[in-house]
Amino acid sequence: MTVEIGLPYPYDFDRALARLAGNPVHAVDLDERLVRVPMDEGNLVSVQGTGTFGEPSFRISGLLDEKQLARVRWIFHFDEPLDGIAAHFADTDLAPIFAEHAGTPLVRSFSLYGELVKSIIHQQLNLSFANVLLMRFMELYGMQQDGVWRFPAPEQAARLTVAELRELQFSTRKAEYVIGLSQAVAEGRLDLESMRTKTDDEVTAELTALRGIGPWTAQGFLMFGLGRPNLFPTADIGLQNALKALWDLDRKPTQAEIRERFPDWSPYLSYAALYLWRSIETPAG
DNA sequence: TGCCAGGAATTGC
DNA sequence: GCAATTCATGGC
């Protein structure tokens, strides 16, 4: 099943793809303007940009049914207008960032479990090495289907040993965190799908009860996994460096200094964070 | 070379 | 309770 859809608001699909392409797990083709998404039912769905920033349209192919279309619309933020968000920041210190990145959507993760695994691997490590670790993990324990990666089932990862992950150059702690998370999901102690209907605070409380998931990882899950609009990980080094540059400081801002800006930025903290990250990820803008 | 990296748990006072 | 330390290793 293939459908063509258009959106009634500006949407920067190319910048969305550029961000997805920063994660080597994703199957993105920037020239063809498409990304292929592994679905839980086993098929692959291709989402291709066919329009422009001002008149966005898409060709979505490989769908099995309407339910899958609804999931794709949810993942890509197709039913949540973005055009009021940049205006909210017009009179703030983030106006230049929003002038550049307005219309870039907060595309949700293709796998909630995978989002947490990726986040744990990325804790404290530079992006390039973290991605090396992630791909070593995927090549040994993930599944590749027509060039598209799927994370291993939590039940499979739950049976890994710390020694096996140490061989991939995971730290002992990272190995324990990933295995422990997988066991919690596999044993039903953590129901990730149920998080979709819970409040930010409820999700944070459940996730941070697990060893290895702190505020930064929980906030990332809410932002990128669930697409929640009002999270800002103040502990994030990248965001601290982005604000240091934006504010022209000679040191990174403290978390308290960042939180002082929350009243002006709310209720769109997630977009502030997303665009600040983008502002330092792509030197050309 | 030494500090830093899209943190979190643990220890020490 | 809160600050300092530890974890592991690549990048620069």
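Just so it is clear: chains get the letters A, B, ... in the order the sequence lines come, proteins before strands, and each one is counted from 1.
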Query raised in the report: In terms of ring plane angle, is the pair A/W277 and A/F224 parallel, tilted or perpendicular, where the classes change at 30° and 60°?
Result: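 Rings of A/W277 and A/F224: tilted, 30 to 60°.
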Query raised in the report: Should the pair A/H88 and A/Y268 be assigned to parallel (<30°), tilted (30 to 60°) or perpendicular (>60°) ring geometry?
Result: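 Aromatic pair A/H88/A/Y268 classed perpendicular.
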Query raised in the report: Under the criterion ring-ring contact (aromatic ring centres under 6.0 Å, His included), which of A/F98, A/Y271, A/Y275, A/F232 is the partner of A/W265?
Result: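 Testing each of A/F98, A/Y271, A/Y275, A/F232 against A/W265, the sole residue satisfying ring-ring contact (aromatic ring centres under 6.0 Å, His included) is A/F232.
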How many Å lie between [atom1] on [X] and [atom2] on [N], as a whole number?
X      : N     : atom1 : atom2 : result
A/L127 : B/dC4 : CG    : P     : 17 Å
A/R19  : B/dG6 : CZ    : P     : 15 Å
A/Q255 : B/dG7 : CD    : C1'   : 10 Å
A/L106 : B/dG6 : CG    : P     : 19 Å
A/I237 : B/dC4 : CD1   : C1'   : 8 Å
A/L222 : B/dG6 : CG    : C1'   : 16 Å
A/H122 : B/dG7 : NE2   : C1'   : 13 Å
A/K118 : B/dG7 : NZ    : P     : 12 Å

Report task. Report which part of the nucleic acid A/P233 touches: base, sugar-phosphate, or nothing (heavy-atom distance under 4.0 Å, all strands). Result ->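 Nothing: the residue A/P233, judged by heavy atoms under 4.0 Å, touches no strand.
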Query raised in the report: Contact class for A/L210 (heavy atom, under 4.0 Å): base, sugar-phosphate, or nothing?
Result: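 Here A/L210 touches the backbone only, sparing every base.
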Query raised in the report: Between A/A218 and A/N241, which has a closest nucleotide on DNA chain B that is more 5'?
Result: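 First, find each residue's nearest nucleotide; the 5'-ward one identifies A/N241.
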Query raised in the report: Given side chains that start at C-beta, do those of A/P233 and A/M223 come closer than 4.5 Å, heavy atoms only?
Result: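 A side-chain contact under 4.5 Å exists here.
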**Report entry** Side chain proximity check, A/F110 to A/F151, heavy atoms < 4.5 angstrom
**Finding:**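 Result no, sub-4.5 Å side-chain heavy-atom pair not found.
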**Report entry** Polar contact flag, side-chain donor to acceptor under 3.5 angstrom, A/Q144-A/R150
**Finding:**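 The criterion, which ignores hydrogens and geometry beyond distance, is not satisfied for A/R150 and A/Q144.
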Requested in this report: Using a 4.0 Å heavy-atom cut-off, write out nucleotides 5-12 of chain C from 5' to 3' as B (base contacted by protein), S (sugar-phosphate only) or - (no contact).
Outcome: -BBBSBS-
Query raised in the report: Using atom C1' of each nucleotide, how far apart are B/dG6 and C/dC2 to the nearest Å?
Result: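 Here B/dG6 and C/dC2 have their C1' atoms 25 Å from each other.
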Report task. Could you measure between the two C1' atoms, the one in C/dC7 and the one in B/dA5, and give it in whole Å? Result ->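 Here C/dC7 and B/dA5 have their C1' atoms 13 Å from each other.
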Query - Selection from B/dG6, B/dA9, B/dA5 that lies nearest to any side-chain heavy atom of A/R211 - result: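 Nearest to the side-chain atoms of A/R211, counting from C-beta on, is B/dA9.
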